[in-house]
Amino acid sequence: MRKYNVDLVYGIYDDEEKLLQAIRKAKSQHLDIFDVYTPFPVHGMEKALGLSESRLHIAGFVYGALGTLTAFLGMTWIFTKDWPIIFGGKPYWSVPAFIPITFELTVLFAAWGMTITFYTICGLWPGVKNPQIDLRTTDDKFCLAFDMTAVNESVAKSLLAESGAEEINTKTI
Amino acid sequence: MSGGVVAPVRRPLVEGHKTYHQITEDLCSPTEKSPTRAWVLAFIVAVSVLAFGLFCICWTIWFGIGAWGANRTIGWAYDITNFVWWIGIGHAGTLISAILLLFRQRWRTGVNRAAEAMTIFAVICAALFPVIHVGRVWVVFYFLPYPNTRGSLWPNFNSPLLWDVFAISTYFSVSLLFWYTGLVPDFASIRNRASGFRKKVYNSLSFGWTGSAKHWQRWESLSLVLAGLSTPLVLSVHTIVSFDFATSVIPGWHTTIFPPYFVAGAIFSGFAMVQTLMVMTRKILNLQDYITLEHIESMNKVILVTGTIVGVAYLTELFIAWYSGYIYEQFAFFNRAMGVYWWSYFGMMACNVISPQIFWVKKFRRSVFVTFFMSIFVNIGMWFERFVIIATTLARDYLPSSWSYYRPTWVEIGIFVGTIGLFFTLYMIFTRVAPVVAIAEIKHILKVGGNQYIGENANHGHHDKSHTTSVDHH
């Protein structure tokens, strides 16, 4: 089991609007948010948290380009250098006929590369047991957590209470 | 997403005043309860049919392709028909999950999970046929380009049949990634309700998902790019399948209309299969609030449009054959409609072009009963279409001395029926282990698509059940 070993103070909300308000408030008070857990992707969350845009799609482009090159250069090498064969009187280097496989490998590499990257950078794999603050955050509750070493506990608690948290607790994960 | 009133012209996507917790409850519980008797019975039937299919596959491998009705003239018949049919069915899943995501069609959330599952299972069924047809199944890996001791001798990258290998394996694996990535948060929802061994299994399946904000952000980014990749991919797959025919020099196959015509037909048959499954699933699992009549109507509209496109393609083919002035082409089409297999052409026209026209009538589009029967019709019609293209064309080739007739043997029919058994076995297992409707995505659209948030209902502070029905008439 993975452990962060941090002492957290957290609030549980029953509505994403309250959560977003709380996040905005914390941001305006320059409080460091440890993490937010929600049952679904909440619209406007990235902006409220000030998350930088994910660079995953750039990685996807690189993997895709790798696939294009692998397929096209591979077929070129095979049919012009390694074992040239004439098919139906066409030239050895018959580029139009390479297009379908080049396209398919582009998609294949981009999709697999991105997906594997996604799970790796998120630390998600079969058998990984990531610590969870509250099991209801995959159901209908929204959790906002502060690291007590970064944020004063009483400040955090009053913010959570004022913004309408149903429950306020502390936990070490 | 919220903070205002959703326009009353919007139709609800989720009925029944659901809360987030109720959504979790409704969609997780089918995986938690023990199966009903109806499920067990249906599962036994599906597995038995699958077992018979496996027996027929073993029979084919043992005795060889001679166990089939295919002959020297008609080398491609039943199995390639089935292959194209299944691949086509798969296309609707990707269309719903990817293309409708890019077009921001929110109604897709009710059906995308099951449709994607259908895609994956249909592709598995499809891939079986060419693999068996090669005859020596045990050396089927010769398809793949790998360094070998025979040269290396590579496969022919200029051949549409090899493009097919790449297209279908890419399609299968990318669809699987897309589907599974969508499932991960929902498996976490099940895990957090479970205990003991079940919890362990679902923790593994959910990859330790927690729902952290950064993860969700990346998850959305990944889903969007996978949708963007899947969109041209799904169009390429049936295009390449049509190249198997279109790049040949057989009259009736050698036509440039094939790629768009095959893709439209694929979407058509795929939506029909989605309807068949959804009509049964929503009833059996009690999901009428999530897979609503609205969804069924939307899909029937797609069936109407694509069925009509397919009809236009049939007529275009006939016109071009006549207009080309090429007697072999003219004969091929005359033979299709009036030759020995006239009945399959008739079946195709009746099921694919004429029968979907009843969906111009709103009452029929919204009728579950009509939808179910129509979906079966369309699937039969699309099977006939592939049979018409493949078998009738080959039966009358250039040389009258080699003209022949094809009828399937029991072994071929057994394999086909077996794949239907395989498809339903996999689908039924899926309904037991995974939420059939994407939980997180439904919660995401609840405040724009939930019936309590729509139009004037949302203006009244509270609402009772009687308002639910009135929403339909907006």
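Residue numbers start from 1 in every chain, and the chains themselves are labelled A, B, ... in the order their sequence lines are given, proteins ahead of strands.
- The nearest pair of heavy atoms linking A:Asp140 to B:His21 is OD2-CB, 3.2 Å.
- For chain B, the nearby parts of A:Asp139 are the backbone and the side chain; heavy atoms of each come within less than 4.5 Å.
- Contact count versus chain A (heavy atoms, under 4.5 Å) is highest, among B:Leu229, B:Thr24, B:Asn156, for B:Asn156.
- Contacts of A:Thr38 with chain B are made by both backbone and side-chain atoms, with heavy-atom separations under 4.5 Å.
- Residue B:Asp186 does not touch chain A at all, counting heavy-atom pairs closer than 4.5 Å.
- Contacts of A:Ile133 with chain B are absent, with no heavy-atom separation under 4.5 Å from either backbone or side chain.
- Here the side chains of A:Phe142 and A:Thr137 are not in contact, with every heavy-atom distance at 4.5 Å or above.
- The part of A:Phe98 that comes within reach of chain B is its side chain, from C-beta onward, which places non-hydrogen atoms under 4.5 angstrom from that chain.
- Only the side chain of A:Met45 comes within contact range of chain B, judged by heavy atoms closer than 4.5 Å.
- Contact of the A:Thr76 side chain with the A:Lys81 side chain is not registered, since no non-hydrogen atoms from C-beta on lie closer than 4.5 Å.
- Taking the six-membered ring wherever Trp is involved, the centroid distance between the rings of B:Tyr171 and B:His91 falls below 6.0 Å.
- Taking the charged nitrogens against the carboxylate oxygens, A:Glu166 and A:Arg136 have no contact shorter than 4.0 Å, which rules out a salt bridge.
- Contacts of B:Leu153 with chain A are made by both backbone and side-chain atoms, with heavy-atom separations under 4.5 Å.
- Top candidate by heavy-atom pairs under 4.5 Å with chain A, chosen from B:Pro185, B:Gly228, B:Ser236, B:Pro145, is B:Ser236.
- Only the side chain of B:Trp154 comes within contact range of chain A, with heavy atoms under 4.5 Å apart.
- Between A:Asp134 and A:Lys141 no salt bridge is recorded (no basic side-chain N to carboxylate O distance below 4.0 Å).
- The closest side-chain heavy-atom distance from A:Leu56 to B:Val225 is not below 4.5 Å.
- In terms of heavy-atom proximity, B:Gly93 sits nearest to B:Thr119 at CA-OG1, 2.9 Å.
- Considering only heavy-atom pairs separated by less than 4.5 Å from chain B, the leading option among A:Ala145, A:Gly44, A:Pro39, A:Gly127 is A:Pro39.
- For chain A, the nearby part of B:Leu177 is the side chain; its heavy atoms alone come within less than 4.5 Å.
- For a residue to count as touching a neighbouring chain, one of its non-hydrogen atoms must lie under 4.5 Å from one of that chain's; by this rule B:Lys200 does not touch chain A.
- Residue contact with chain B, scored on non-hydrogen atoms closer than 4.5 Å, is absent for A:Thr102.
- For B:Val165, no part sits under 4.5 Å from any heavy atom of chain A, backbone or side chain.
- In terms of heavy-atom pairs under 4.5 angstrom with chain A, the leader among B:Thr247, B:Leu222, B:Val237, B:Ile439 is B:Leu222.
- Taking chain B as the reference chain and counting heavy-atom pairs below 4.5 Å, the highest number among A:Ile101, A:Leu51, A:Ile33, A:Thr117 is found for A:Ile101.
- Defined by atom type and a distance below 3.5 Å, a donor-acceptor pair is present between the side-chain atoms of B:Thr181 and A:Tyr119.
- Using a 4.5 Å cut-off between heavy atoms, A:Leu108 touches chain B through backbone and side chain atoms alike.
- Heavy atoms only, all atoms of each residue included: B:Asn158 and A:Phe87 are closest at ND2-CD1, 3.3 Å.
- Proximity to chain B (any heavy atom under 4.5 Å) is shown, for A:Phe61, by neither the backbone nor the side chain.
- With a 4.5 Å cut-off on side-chain heavy atoms, B:Trp219 and A:Cys122 do not count as touching.
- For B:Arg191, the part sitting under 4.5 Å from any heavy atom of chain A is the side chain, from C-beta outward, and nothing else.
- Both the backbone and the side chain of B:Pro232 come within contact range of chain A, with heavy atoms under 4.5 Å apart.
- B:Asn112 contributes no side-chain N or O that, together with a main-chain N or O of B:Ser97, makes up a donor-acceptor pair within less than 3.5 Å.
- Taking both residues in full, the closest heavy atoms of B:Thr94 and B:Ser230 are given as CG2-CB, 3.7 Å, listed atom of the first, atom of the second, then distance.
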